Amino acid sequence: MSFTFNSHHRSFKSLHLPLKIFIFNSTFSRHLTSCSSNRSSNSIDAESFFTSLLQKSTRKVHLSQIQNQLIVYGLQSNGFIITKFVSRSFELKEIDHARQVFDEFPVRHVFLWNAVIRGYSMHKMFDKVLEMYSAMQIAFVNPDAYTFPYVLKACGDLPELGFGRAVHAQILRHGFDNDAFLRNGLLSFYVKCDESASARVVFDQMKVKDVVSWTLIVSGYVQNGDPTEALRVFRNMRESGVNPDWIASVSAFKACSDVGDSNQGRCLHGLVIRMGYELEPDLRVALVSLYAKCGEATAARSLFYEAKVVDVMLWNSIISGFAKSGYASEALELFNQMIARSIQPDAVTIQSSILATAQIGSLEQAKWMESYVSASSYRHDVVIRTALIDMYAKCGSVEMARRVFSRTRTKDVVVWSAMIMSYGINGWGRDAMNLFNEMKMAGVCPNEVTFLGLITACSHSGLVEEGWEVFHSMRDYRVEPLQKHYASVVDMLGRAGDLGKAYRFIEAMPIDPGASVWGALLRACEVHRSVGLGEHAAERLLSLDAFDVGHHVVLSNLYASVGLWGGVERVRGLMRSRGVCKDSGSSAVEIELGTM
DNA sequence: GTAGGGTTAG
């Protein structure tokens, strides 16, 4: 980028006065002196001078001043300085200003395009990123290795699968297919778009798989709800000689907590200690979350209280973990501690505390939470209001839930579904159906949770015919029934005592019935003391999940309810041989330094 | 100037 510093018609002194605002006049004068004394390095000096000036500018007025000086000294067409100028304008959130400078600049080099693309990416204006990328193509400017990562990030975050695929093709066409950085960018894009097959292809074709590539695949499986596979891939990574860093470990901890396997988590914890990541603050969030979610309260607490950095996220990890693992009163106690210490809770803290209240089921506590929310800046937050509706429903007050619902200004499908579910679990089936009609009139499109709420409502109100119809109407709304919908229908038929129909329904399922479906049948058999069908359900259930305490207990209870003590004894023996323990209460946790 | 993670309503 060559350029001549046209200083012959201007005295350098004239620069001095208008730029006083920058407070660093001495530096400024030094630069001017060197510029005038050595003409051959003028261009470099001018560039570095304006670069440092831009770095030090903090306000829009500074940018305008610099712009004026660029014109005064004929530097307004220096592409290097203009690129720096545009970048800095984006950093100072002067987005329109940056764009205007870009639009008015005649010769747009790839660096200048990259600066604008990076600027929009910085402010999460991903539509603009793609718009500029397209404009760049129309202008026949070839993207470089620094253009693609921002564009791929935009495609992944929007997400914009088709656009990203086109970008993938262009990466290949421009000969960047062996760029390890870009391959990871592509992998990230496909993972974010839930395109696991494409992600896998990119991954398999990579000649060099670094820890980032592996982490992307692991987190992809976690995101797809397959934590077991995620942990398998994590082991493969280690076997292939790539050591996990702390970010890779975070994904593995998340996988452990999703499978509910604190033992595996504890082994990995030992590994992390040996690798020296123990004090990494963000890793601690994953660890506290793991132990808290697995009900290992002692381990979670000690990691929490010994943390050097205690930020809101760490508080959230222990509060939400406890709220989900039966330590709801501990979760609320921690929430109170936070308030007592004047630590500002965020939306996640409040959501988790509302969930904890719902678990406890105390209407008094529920009212306190609502008043806390009303006094906070989250009173109109739709996510928080949904949590409040659910909380009141679980505390048994449909009226209070309805009141929160009515006062919610913008009702999305989640809010409607929460209210339908609130009616549902409390046996207000007709109200749930009426609300569903209201929802459709309001032009809100139902989703899979809406239908789950409706079937639950029918099930809990004995509206078997209506529930059956609702289930079969799902396809009219293009909502594919999932395991939980089938399980809910089985539950409904089971409650009504129609075990034969429930069984035939399972047999006719187009997908393989999962544990939730057989579990619903087994519970129905327990209630109606149907031993033969119950044994069948239990057999299928235990073939899917041999180590679940609950399944064994229900089967044992079924035998007991009809006086088949031999059956009870057989189940107990099975539990002993499988190491399944009925009262597996919490115990003190030793951190084991084993390998995974 | 480029890619990966953790808390998160129904």
Side-chain angles (χ1 to χ4, degrees), chain A residues 83-84 87 90-91 111 114-115 117-119 121-122 144-153 156 176 179-189 191-192 210-220 222-223 244-255 257 280-290 292-293 311-321 323-324 345-352 354-355 358 378 381-391 393-394 401 405 408 412-422 424-425 446-453 456:
Chain A
T83 300
K84 293 278 181 191
S87 289
F90 271 112
E91 280 166 21
F111 293 159
N114 285 352
I117 287 173
R118 189 172 75 97
S121 177
M122 188 189 294
D144 67 6
Y146 287 92
T147 314
F148 293 118
Y150 300 112
V151 179
L152 288 172
K153 182 181 162 55
F176 289 108
D179 186 313
F181 218 101
L182 287 188
R183 297 220 69 116
N184 280 340
L186 278 168
L187 196 49
S188 168
F189 157 69
V191 165
K192 280 181 192 156
D210 63 10
V211 67
V212 175
S213 329
W214 285 99
T215 307
L216 279 161
I217 286 290
V218 170
S219 68
V222 172
Q223 190 186 302
D245 60 7
W246 71 265
I247 298 183
S249 309
V250 161
S251 287
F253 282 128
K254 167 82 172 145
S257 72
E280 190 61 54
D282 290 355
L283 181 70
R284 193 157 288 235
V285 172
L287 274 169
V288 169
S289 175
L290 166 77
K293 274 186 196 159
D311 55 7
V312 179
M313 227 181 188
L314 194 67
W315 282 96
N316 292 349
S317 65
I318 196 163
I319 292 174
S320 74
K324 285 174 179 164
D346 68 4
V348 178
T349 325
I350 297 174
Q351 269 165 239
S352 306
I354 294 172
L355 180 68
Y378 298 102
D381 185 310
V382 70
V383 177
I384 301 270
R385 298 195 68 83
T386 308
L388 286 175
I389 293 168
D390 174 65
M391 170 190 76
K394 287 184 178 146
F405 173 80
T408 301
D412 64 6
V413 63
V414 185
V415 174
W416 285 95
S417 304
M419 192 61 226
I420 289 172
M421 187 62 97
S422 298
I425 59 174
N447 69 6
E448 72 279 2
V449 185
T450 318
F451 285 105
L452 192 64
T456 304

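Because only heavy atoms are used, hydrogens play no part in the values below, and waters and symmetry mates are left out as well, while side chains stay in. Here the structure is a predicted model, which means the values were calculated and not measured. Residue numbers begin at 1 in each chain, while the letters A, B, ... track the order of the sequences.
- Within 4.0 Å of A:Met421, counting heavy atoms only, lie sugar-phosphate atoms of the nucleic acid but no base atom.
- Looking at heavy-atom distances under 4.0 Å, A:Asp381 makes no contact with the nucleic acid at all.
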Working note: A:Thr450 + A:Ser417, criterion side chain to side chain donor-acceptor pair (under 3.5 Å); need CA distance, chi angles, decisive distance, verdict.
CA-CA 5 Å; A:Thr450 318; A:Ser417 304; 2.9 Å; yes
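- In this structure, A:Tyr150 reaches the sugar-phosphate backbone alone: every heavy-atom distance under 4.0 Å involves primed, P, OP1 or OP2 atoms, never a base.
- The residue A:Trp315 sits apart from the nucleic acid: no heavy atom pair falls under 4.0 Å.
- Base engagement by A:Val211 is indicated by at least one non-hydrogen atom pair under 4.0 Å involving a base atom.
- Taking A:Asp390 as the reference, A:Lys394 meet the side-chain hydrogen bond (donor to acceptor under 3.5 Å, both in side chains) condition, with sequence neighbours excluded.
- Across all strands shown, A:Lys324 has heavy atoms under 4.0 Å from sugar-phosphate atoms exclusively, and none from any base.
- With a heavy-atom cut-off of 4.0 Å to chain A, the contacted part of DNA chain B has its first and last nucleotide at B:dG1 to B:dG10.
- Counting any heavy atom pair closer than 4.0 Å across all strands shown, A:Ala180 reaches no nucleic acid atom.
- A:Phe405 pairs by the ring-ring contact (aromatic ring centres under 6.0 Å, His included) definition with A:Trp416, not counting sequence neighbours.
- Residues forming a salt bridge (charged side-chain N to carboxylate O under 4.0 Å, His left out) with A:Lys324 (at least two apart in sequence, or on another chain): none.
- Among the atoms of the strands shown, base atoms are found under 4.0 Å from some heavy atom of A:Asn114.
- With sequence neighbours left out, the side-chain hydrogen bond (donor to acceptor under 3.5 Å, both in side chains) criterion links A:Arg385 to A:Thr408.
- Under the salt bridge (charged side-chain N to carboxylate O under 4.0 Å, His left out) criterion, A:Lys153 pairs with A:Asp157, not counting sequence neighbours.
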